[in-house]
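Structure, as structure tokens:
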Amino acid sequence: MTRAAGAGVSGAQGGGGSALRIETAAKAMSPPSAAVDRLARSASRTGTTIAVAESLTSGLLASAVGAGEDAATWFAGAIVAYQSDVKERVLGVEPGIDPCSAECAEQLAIGVRRVLGADVSVAATGVGGPDPQDGHPPGTVFLGWATAGTAGHVRLALPGAPEEVVAEVVRQAVRLLDRLVEAAQHPLVSTSDPVSAENRTPARR
């Protein structure tokens, strides 16, 4: 099972140190407003619907995307699939696949796009830390994506405390969604964006 990073304040000592850590965590978790605004404009302009699947980020990506202007017209929704069993039953991830892997991320993205009937989707899975898990260092994250005909992934190796890792995953996922929306409108150039061609696979229906 992937490890989701929390607010990053568990185990913090009382007094001023605790308050400082809470403030730092709150800043790290703040939504990437500029990127979300850009995504909202792109999706509204193109009429593209978006879906997200989350494990590592435990709903924070959906919260950020849903804050976009007129989200009700372009944000189909999100599925938080934390346990491996839920990934398999709800989103069709193949049993036994490493939850911290490109294959899992892609299958999550394909599944949520199918279930929610969206045009494009992104999924986030990985190890937030602070400890390694199943041989994966903390900060090892995969973003999967899917469109009508293709799927792919981006691998991230992120430094920092758990709350910083999760915040950066949300930022990267929002940017990836924006690139997907733009690429969907320009299929002749989409082979080089949002990710390199070697990270593309035919999407399962």
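This one's a predicted model, so the numbers in the text were calculated from it and none came from an experiment.
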Flag the pair Leu177 / Trp145 as yes when at least one side-chain heavy-atom distance between them is below 4.5 Å, and no otherwise. no
Between Trp74 and Ile50, is any pair of side-chain heavy atoms under 4.5 Å apart? yes
Can you name the residues that form a side-chain contact (heavy atoms from CB on, under 4.5 Å) with Ala53, not counting sequence neighbours? Leu91, Leu108, Val112, Ala123
Go through the structure and list residues passing side-chain contact (heavy atoms from CB on, under 4.5 Å) with Thr49, not counting sequence neighbours. Ala118, Asp119
Could I get the full list of side chain to side chain donor-acceptor pair (under 3.5 Å) partners for [X], not counting sequence neighbours?
X: Ser42; answer: Asp178, Glu182
X: Ser44; answer: none
X: Gln172; answer: Glu168
X: Asp85; answer: Arg89

For the backbone of [Y] and the side chain of [X], can you confirm whether one donor and one acceptor N or O come within less than 3.5 Å of each other?
X: Lys87; Y: Gly92; result: no
X: Ser121; Y: Ala109; result: yes
X: Gln107; Y: Glu94; result: yes
X: Thr57; Y: Leu60; result: no
X: Thr73; Y: Asp70; result: yes
X: Glu103; Y: Ile97; result: no
X: Thr125; Y: Pro99; result: yes

Which atom of [X] lies closest to which atom of [Y], heavy atoms considered:
X: Gly152; Y: Glu106; result: O-CG, 3.2 Å
X: Glu88; Y: Gly96; result: OE2-N, 3.9 Å
X: Ala105; Y: Leu143; result: CB-C, 4.0 Å

Same apolar cluster (I L V M F W Y, side chains within < 4.5 Å links), Val90/Val80: no
May I ask whether Val154 and Phe142 are part of the same hydrophobic cluster, defined by side-chain heavy atoms of I, L, V, M, F, W, Y residues being less than 4.5 angstrom apart, directly or through others? no
